[in-house]
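Working notes, beginning with the structure itself.
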Amino acid sequence: MTILVTGATGNIGRRVVDGLVGAGQRVRAMVRDPRAAHLPDGVELVRGDFERPETWPDVLDGVERVYLFPFAYQVPESADLGFVERASAAGVRRFVVHSAAAAGFAPSDDPSALGRHLEEERAAHRGLELMVEATGKEWTHVRPGLLAANALGWAERIRTERTVREPYGRSGYPLVHEADVAEVAVAALLTDDHLGAAYTITGPAKVTQAEQAAAIGAAIGADVRFEELTPAQARAQWLADGCPPDVADWLIELLADALDGPGALPPTGTYEELTGRPPRAFTRWARDHAADFMEVA
């Protein structure tokens with residue numbers, strides 16, 4: 001059995017590849033540049049791109065199960081069918097969809113920047129799920145909440161200045177370790193225990209931005225200072241860094257909403273229900289990624 005992993009070089013996809021290889025499976029990775037993929041020995045690297053339908057036949061040849069990255073939602077203008085339909089026609093029998101917690105949200109007509117963004121996220125991810133369901137093939141939807149890996153955006157500043165500068169230091173989410181998401185995805189690819197299920201996976205508890213900075217500091221054995229900015233200061237910094245104005249406004253609204261509002265997504269017990277173990281905490285994630293925040297020798 002050949003299992004195709006799309007998004008194989010991403011934070012979660014790479015872990016999915018590792019889990020499948022560890023289970024002795026034949027793994028094919030769809031990558032844009034096989035020379036730069038750096039995946040485990042034995043993984044078949046096939047050049048492919050969701051935006052280039054001419055690459056899909058080679059990618060899908062002989063594949064029975066697919067770990068499906070969200071970019072599959074877009075159907076190129078040059079294609080008569082999307083990647084999902086082509087995969088189904090090529091003989092894929094099972095899809096495990098890398099979705100998002102937003103897919104489980106109720107539709108919203110909230111006119112705020114945050115509300116509009118969440119509705120766009122919900123529509124895109126749920127749209128991909130529905131596309132897969134429409135094939136009539138086996139499916140499982142894995143819906144991670146916000147990933148702990150987003151903290152990698154602080155890596156350069158922590159390496160050089162030992163400082164995190166953000167607004168709303170008390171803002172936070174139950175950030176999920178990518179290893180937890182990948183573990184559930186691998187189980188859904190290899191067993192029949194999760195067919196027709198949609199799992200929202202989060203971390204064990206809300207962790208604030210200030211707590212994230214402290215956890216990273218503890219992991220690297222350094223004092224990482226959290227400097228709280230006003231929303232205006234943060235917006236100016238992000239614009240100077242090249243962030244589009246509408247994205248900066250959305251980020252401020254997102255962080256403000258996660259203080260105590262509806263954006264403060266509560267943790268789910270899904271991972272523990274499935275595995276019998278508590279989710280990995282952010283402190284564990286920080287230790288696992290300590291090298292990303294260390295000064296380069």
Side-chain angles (χ1 to χ4, degrees), residues 11 100-106 108 110-122 125 143-158 161-178 180-181 200-220 223-269 271 279-287 289 292-293:
N11 290 310
F105 294 173
S108 171
D110 180 357
S112 69
L114 176 60
R116 293 195 306 274
H117 175 81
L118 291 178
E119 177 57 22
E120 291 170 0
E121 283 282 294
R122 186 202 67 79
H125 287 285
R143 299 169 169 174
L146 285 181
L147 294 170
N150 289 332
L152 291 172
W154 298 337
E156 182 176 357
R157 183 156 282 151
I158 289 176
E161 302 178 27
R162 294 291 190 256
T163 301
V164 172
R165 297 187 181 93
E166 297 286 343
Y168 302 114
R170 293 190 301 106
S171 176
Y173 291 87
L175 300 173
V176 59
H177 196 308
E178 64 271 12
D180 290 355
V181 184
T200 298
I201 311 293
T202 72
K206 172 182 174 179
V207 54
T208 69
Q209 294 194 104
E211 290 168 341
Q212 292 170 52
I216 293 168
I220 65 175
D223 180 21
V224 175
R225 187 169 61 94
F226 185 88
E227 180 181 323
E228 181 149 353
L229 304 178
T230 67
Q233 289 172 329
R235 188 177 191 276
Q237 176 179 289
W238 294 337
L239 293 181
D241 291 341
C243 181
D246 59 333
V247 175
D249 292 339
W250 167 72
L251 286 171
I252 289 169
E253 196 168 349
L254 178 71
L255 291 171
D257 194 56
L259 288 169
D260 300 301
L265 176 72
T268 68
Y271 178 83
R280 295 168 173 87
F282 187 86
T283 51
R284 165 67 182 274
W285 181 90
R287 293 195 300 272
H289 286 269
D292 295 311
F293 298 96

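With sequence neighbours excluded, the residues satisfying side chain to side chain contact (heavy atoms under 4.5 Å, CB included) with Ala210 are Thr208, Phe226. In this structure, the salt bridge (Lys or Arg N to Asp or Glu O under 4.0 Å) partners of Arg280, at least two apart in sequence or on a different chain, are Asp180, Glu183. Taking the side chain to side chain donor-acceptor pair (under 3.5 Å) definition, one finds that Asn11 meets it with nothing, sequence neighbours left out. Take Thr163 and apply the side chain to side chain contact (heavy atoms under 4.5 Å, CB included) test, not counting sequence neighbours, and it matches Glu161, Arg165, Arg225, Glu227. Residues meeting the side chain to side chain contact (heavy atoms under 4.5 Å, CB included) test with Ala155, sequence neighbours left out: Arg159, Phe293. Remark: Trp238 engages no residue in a side chain to side chain donor-acceptor pair (under 3.5 Å) (not counting sequence neighbours). For Phe282, the ring pair (Phe, Tyr, Trp, His ring centres under 6.0 Å) partners two or more places apart in sequence, or in a different chain, are Trp285. Considering only residues two or more places apart in sequence or on other chains, Gln233 meets the side chain to side chain contact (heavy atoms under 4.5 Å, CB included) condition with Leu229, Thr230.
Ion pairing between a basic and an acidic side chain is recognised when a charged N comes within 4.0 Å of a carboxylate O; Arg162 and Asp223 show no such pairing.
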Candidate pair His289 and Glu178, rule side-chain hydrogen bond (donor to acceptor under 3.5 Å, both in side chains), full reasoning: CA-CA 11 Å; His289 286 269; Glu178 64 271 12; 2.6 Å; yes
Under the side-chain contact (heavy atoms from CB on, under 4.5 Å) rule, what do Arg284 and His177 come out as? Steps first, then yes or no, please. CA-CA 8 Å; Arg284 165 67 182 274; His177 196 308; 4.2 Å; yes
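Atom CG in Leu152 sits 8.0 Å away from atom CD1 in Ile216 (nearest 0.5 Å).
For the side-chain hydrogen bond (donor to acceptor under 3.5 Å, both in side chains) condition, the pairs that include at least one residue of residues 144-157, sequence neighbours left out, are Trp154-Glu166.
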